[in-house]
Number of protein chains: 2
Amino acid sequence: MDVQRLELLRELAERHSVTAVARATHRTPSAVSQQLKVLEREAGLPLTERSGRGLVLTDAGRALARSATDVAVALERATAVWDEFRNRVTGDVSLVTFPTAGQMLLPGVLQQLAEHAGLVVKCTDMDPELSDFPALTSDFDIVLAHSMRGQVPWGGRGLTVVPLMTEPLDVGLPTNHRLASRASVGAADVVGETWIGVPDGYPFERIVHEIEQQGGGRVHVSQRFADMRLVEAFIMAGLGIALVPRYTSGGGQPGRLVLKPLRGVDAERQIVALMRPDRAERLAVRTVIDALRTRAARVQAEHTS
Amino acid sequence: MDVQRLELLRELAERHSVTAVARATHRTPSAVSQQLKVLEREAGLPLTERSGRGLVLTDAGRALARSATDVAVALERATAVWDEFRNRVTGDVSLVTFPTAGQMLLPGVLQQLAEHAGLVVKCTDMDPELSDFPALTSDFDIVLAHSMRGQVPWGGRGLTVVPLMTEPLDVGLPTNHRLASRASVGAADVVGETWIGVPDGYPFERIVHEIEQQGGGRVHVSQRFADMRLVEAFIMAGLGIALVPRYTSGGGQPGRLVLKPLRGVDAERQIVALMRPDRAERLAVRTVIDALRTRAARVQAEHTS
DNA sequence: ACGTCCATGTAGCAAAACTACAGGGTGGGT
DNA sequence: ACCCACCCTGTAGTTTTGCTACATGGACGT
């Protein structure tokens, strides 16, 4: 049995289309189709079924794809072994981040990684609301994702999850706001305010609901933005208040925006790295992950002191 | 990185010779040599070193070979998955045994396995004194081996060990022996006797030493045989007494040989199946192992009742 | 009904892996 | 000390394998 073919099956399980697999593996669809056919002939039972214009895996195909992951992991681990022997981190690592995490972590990480001459890290950013984090792992080695505490929407898919940090979400206020002198604010203090929100499906959303429940009222959301820079600009202009991740804020002019911890509400987001388990084994990837973790720890330490 | 090449490296680690690897994998030595060279070039560091007329692995080579095992295990597990889907046990399984275990277990096992039409079990026997059990796992899927309790000469090599049964070793006496009417015998009873032994290095040897220590004397070993049939013939002829595995004895004429448990001496042998871990994953192999275990359990149960 | 998208055949080509054979080095035997 | 046997490794040539390019046929949406 051939590993390359198994790999194709696994890609098919993730991408649901021969053409997509072909694109991802730099082949023509015909080549992929032929190899899958060979695999089926070897297996002696159908692994795929046509479903409309695409095709889906049979139960057997899915089972085989699952075990193909273990093979891939073992293989990557083997190549990592010899990378360790050479003691030189080499290769390309692709990474997607949502903007705030990238701003907070990536510059420091890349500076730290400059010591590895052969390591090339290619970073991209992507709006979190547009992106299905788990799905991105097909195309990127490392996916920086965020979720609320306890909420783990990427479990069960067999992805490797590395927690990087927990970031508190504060209430951002203009300096001339009536609450700006407080040390912290409660749900009841802010429930009546005009809010700047985030698009639907965003993790912040849930906290806003919690504030409504605890504060006993309805939050009025005047605008919805994905970009934090924009949110902060609106706050500073006195057009509303918003939830702002504590470590990420501060692009704006100092002295025009203040952050107040939110009492009694579980307002944190978890920042994690998501990876396909085989990719997580690569030495280059592990090196980047290590850098991310130390950088995240440093950011957190700087803010607590 | 290619799995086939990794596999060759692993075979080389076991067989210590390109020619042997070539034989085992049905290739010419030249082909093996070329592939190993490619692997080295990919790795970027030497994996083998010439040592006299043969060649040995470097540290890096050994490390890589070790992780190649994990790859092989994952791969075999994958093929097992789809064998399970087909729900038909197929393929060849090769097995070596030492004579007594084979006599005791194999006929029943093969009868039980007859229900699997596509399963071909090829059995061979081999004198245990001549054979290095762990080394045999390179050439056979299943190696039936024995050892004394606690003694595990095949640990650390990364082999899969499946315990099948523990068989007591009794003292075999001719029916007209002065101890033949006893229910059991102690070390002091038998230490002065003339013994039929087994060749050096045999596991039984250690027990004889223990008898000497407990009985306080020297055991006189008149003959040394590997074949139990021969040992029993000598016992029945009154030429000596010997340690006889309890479940295996009885080829001879009934009524001319009796077995007596040995009191106070740890006289047992452990019968185990030894396998290379990747081979242990194969469905056909697992099926044979299951049959061996149930058969062994039955033999043990028949004798205790 | 037409165009588009997708999977999959066929033919031809390029790359990879193997065999056959020869050469060079090492160790055991006489 | 010499020779022979053994083992690894090159080179040349062949076979096998996997890919591209192009064409075909079915399914969906407009």
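These figures come from a predicted structure and were not determined experimentally. Residue numbers begin at 1 in each chain, while the letters A, B, ... track the order of the sequences.
In the 5' to 3' direction, nucleotides of DNA chain D lying under 4.0 Å from heavy atoms of chain A begin and end at D:dG18 to D:dC28.
By the side chain to side chain contact (heavy atoms under 4.5 Å, CB included) test, B:Asp139 is found to be paired with B:Arg15, residues two or more places apart in sequence or in another chain being considered. Take A:Ser17 and apply the side chain to side chain contact (heavy atoms under 4.5 Å, CB included) test, not counting sequence neighbours, and it matches A:Thr19, A:Ala20. Every residue two or more places apart in sequence or in another chain was checked for a side chain to side chain donor-acceptor pair (under 3.5 Å) with B:Gln223, and none qualifies. Applying the side chain to side chain contact (heavy atoms under 4.5 Å, CB included) rule to B:Thr160 yields the partners B:Val162, B:Met275, B:Pro277, B:Ala280; only residues at least two apart in sequence or on another chain are considered. Qualifying ring pair (Phe, Tyr, Trp, His ring centres under 6.0 Å) partners for A:Phe85, counting only residues two or more places apart in sequence or in other chains: none. For B:Ser30, the side chain to side chain donor-acceptor pair (under 3.5 Å) test picks out B:Gln34, with sequence neighbours left out. With sequence neighbours excluded, the residues satisfying side chain to side chain donor-acceptor pair (under 3.5 Å) with A:Arg62 are A:Asp59.
Ring orientation note: the planes of A:Phe98 and A:His146 are tilted relative to one another, at an angle of 30° to 60°.
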With sugar-phosphate taken as primed atoms, P, OP1 and OP2 and all else as base, the protein-contact string of nucleotides 15-30 of chain C at under 4.0 Å (heavy atoms; B, S, -) is --SBBB-----SS---
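Atom-to-atom, CZ of A:Arg15 to P of C:dC6 comes out at 14 Å; the value is rounded to the nearest Å. Atom CG of A:Leu57 is separated from atom P of C:dA7 by 12 Å (rounded to the nearest Å).
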